[in-house]
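Below is one structure, written out as structure tokens; the observations come after it.
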Amino acid sequence: MSDDVVIVGACLAGTSTALELRSHGFDGAITLVGEEPHAPYDRPPLSKQFLTGGWDEQRILLPGHDRLAELGIEFRPNTVAVGADLDGRAVTLHDGSELPFGDLVVATGVAPRRLPASGPVPLTLRSIADARRVAAELRPGRRVVVIGTGFMGTELAWAARAAGCEVAVVGVDPAPLSALGPEVGAVIGRALTGSEIALINAVGVTDIRVGARGEQEVLLDDGAVLRADVVVAAIGSRPQVDWLRGAGLDLSDGLGAMRDAVRRRASTGSVTSRAGGTPVSGAACASSTG
């Protein structure tokens, strides 16, 4: 059996796994597969310093990204995993080639949930390319509607306001950041409205359509219509595990079910799960929001 470790996903969880394997003395082959063309980078600043122009791409690169080759870690950017054969121990790549592994680490993170709409598809934010698209739309005087009042939604709203846009943020929860409790929600709500951001709580979006003048119209479930030049959705995320659909794993509740299935199928060897620090034998998985 090959001792090679293949890590699919080249942001924080995947890159950290590769570096930690080396720091703990693993001397086998390590391949780090990343779907984007960039060196491994940290995602959280995308909706903050990177989006507002305070940081450039160099500032968000992960520590150790420049030592991968030196440590004998093969980094494959612009490479997409499209399938995995856990019994045959090989990952299928977008070009049809296969990458054999002894242990597999799944660190593909999450993808934005999409808002069903009959008209224009709202922008979302996950990657450097997404952040650049959103930033290009944030110009003084433009009307921006942000859908979602969680961390990402509120950060996007403030970034748009800082760019001089007229901003409305709408969410189904009774207050922004409601997961942190009503007190925090009230504080964040006052901060948003104090920044002249229109905050619309406890209302859902039913559709987005093109208005008579070419602007976007965001239809709310209370009958109201918000008109916008730019619409950005931040309504949560889902595990990015579609590429594993044919691997015989139960993905019904995301990576939790996948870890259980991997443990049942495992045979020998182990790597550390980035999700909880638990050794997982055989084909291992690591969840990451990055």
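Val210 belongs to no hydrophobic cluster, as no Ile, Leu, Val, Met, Phe, Trp or Tyr side chain comes under 4.5 Å of its own. Listed by chain and number, the hydrophobic cluster partners of Val121 come to none, as no ILVMFWY side chain reaches under 4.5 Å of it.
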* Asked: Going through the distances and angles, do Val110 and Gln240 end up as a side chain to side chain contact (heavy atoms under 4.5 Å, CB included)?
  -> CA-CA 5 Å; Val110 294; Gln240 189 164 277; 5.6 Å; no
* Given side chain to side chain contact (heavy atoms under 4.5 Å, CB included), test Leu192 with Thr154 step by step and report yes or no. => CA-CA 8 Å; Leu192 289 166; Thr154 53; 4.1 Å; yes
* Start with the C-alpha distance between Val205 and Leu219, add both sets of side-chain angles, then the distance that settles side chain to side chain contact (heavy atoms under 4.5 Å, CB included), and finish with yes or no. => CA-CA 6 Å; Val205 173; Leu219 281 59; 5.9 Å; no
* To do: Would you sort out whether Glu57 and Arg132 count as a salt bridge (Lys or Arg N to Asp or Glu O under 4.0 Å), showing the intermediate values?
  => CA-CA 11 Å; Glu57 185 176 323; Arg132 288 175 174 159; 2.8 Å; yes
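The shortest side-chain heavy-atom distance between Leu86 and Leu104 falls under the 4.5 Å cut-off. The shortest distance between side-chain heavy atoms of Arg43 and Leu12 does not fall below 4.5 Å. In this structure the side chain of Ile60 reaches within 4.5 angstrom of the side chain of Ile128, judged on heavy atoms. You'll find the side chain of Leu115 stays beyond 4.5 Å of the side chain of Val231, heavy atoms only. The shortest distance between side-chain heavy atoms of Asn201 and Pro174 does not fall below 4.5 Å. Here the side chains of Leu125 and Leu156 are in contact, with some heavy-atom distance below 4.5 Å. Side-chain atoms of Val203 and Asp221, non-hydrogen and from C-beta on, do get closer than 4.5 Å to each other. Residues Leu68 and Pro40 meet the side-chain proximity criterion, which asks for heavy atoms closer than 4.5 Å.
Residue Leu220 is not grouped with residue Val232 when hydrophobic side chains (ILVMFWY) are merged at heavy-atom distances under 4.5 angstrom, including chains of intermediate members. Hydrophobic cluster membership is shared by Val134 and Tyr41, with clusters built from Ile, Leu, Val, Met, Phe, Trp and Tyr side chains linked at under 4.5 angstrom. Linking ILVMFWY residues whenever their side-chain heavy atoms come closer than 4.5 Å, directly or via other members, leaves Val145 and Leu51 in distinct clusters. Hydrophobic clustering, with ILVMFWY side chains joined whenever heavy atoms are under 4.5 angstrom apart, keeps Leu180 apart from Val187. Both Leu46 and Val146 belong to a common hydrophobic cluster when Ile, Leu, Val, Met, Phe, Trp and Tyr are linked at side-chain heavy-atom distances under 4.5 angstrom.
Annotation: the span from Asn78 atom CG to His94 atom NE2 amounts to 7.5 Å, rounded to 0.5 Å. With values rounded to the nearest 0.5 angstrom, Arg161 atom CZ is found 5.0 Å from Glu196 atom CD. Note: Ile73 CD1 to Ile30 CD1 = 5.0 Å, rounded to the nearest 0.5 Å. In this structure, Leu99 CG and Arg76 CZ are separated by 5.0 Å, a value rounded to the nearest 0.5 Å. Atom CG of residue Leu32 and atom CD of residue Glu74 lie 9.5 Å apart, to the nearest 0.5 angstrom. A distance of 10.5 Å separates CD1 of Ile147 from CG of Leu123, quoted to the nearest 0.5 Å.
Among the candidates Glu215, Glu166, Glu137, the single residue satisfying the salt bridge (charged side-chain N to carboxylate O under 4.0 Å, His left out) test with Arg142 is Glu137. Here the options are Val170, Ile188, Val169, the test is side-chain contact (heavy atoms from CB on, under 4.5 Å), and the partner is Leu199; only Val169 passes.
Without hydrogens or angle criteria, Asp4 side chain to Gly102 main chain gives no donor-acceptor distance under 3.5 Å. The backbone N or O of Ser237 lies less than 3.5 Å from a partner atom in the side chain of Arg113, making a donor-acceptor pair. Within the 3.5 Å criterion, the main-chain N or O of Leu226 finds no donor-acceptor partner in the side chain of Arg143.
For Asp27, the CG atom is loosely surrounded, since the number of other residues' heavy atoms within 6.0 Å does not exceed 12. For Phe151, the CZ atom counts as loosely surrounded, since its 6.0 Å shell holds 12 or fewer non-hydrogen atoms of other residues, nucleotides or ligands.
Closest heavy-atom contact between Val8 and Ala81: CG1-CB, 3.7 Å. Val33 and Thr79 make their closest contact through CG1-O, 3.5 Å (heavy atoms, listed as atom of the first residue, atom of the second, distance). When every heavy atom of Phe75 is checked against every heavy atom of Ala10, the shortest pair comes out as CE1-CB, 3.7 Å. Pairing each heavy atom of Ala191 with each of Trp158, the nearest pair is CB-CZ2, 3.6 Å. Nearest heavy-atom pair across Trp243 and Ala84 is CZ3-CB, 3.9 Å. In terms of heavy-atom proximity, Val6 sits nearest to Pro100 at CG2-O, 3.5 Å.
Remark: Arg59 does not engage Asp56 in a salt bridge, criterion side-chain N to carboxylate O under 4.0 Å.
A donor-acceptor contact under 3.5 angstrom links the side chains of Thr124 and Arg114, judged on distance only.
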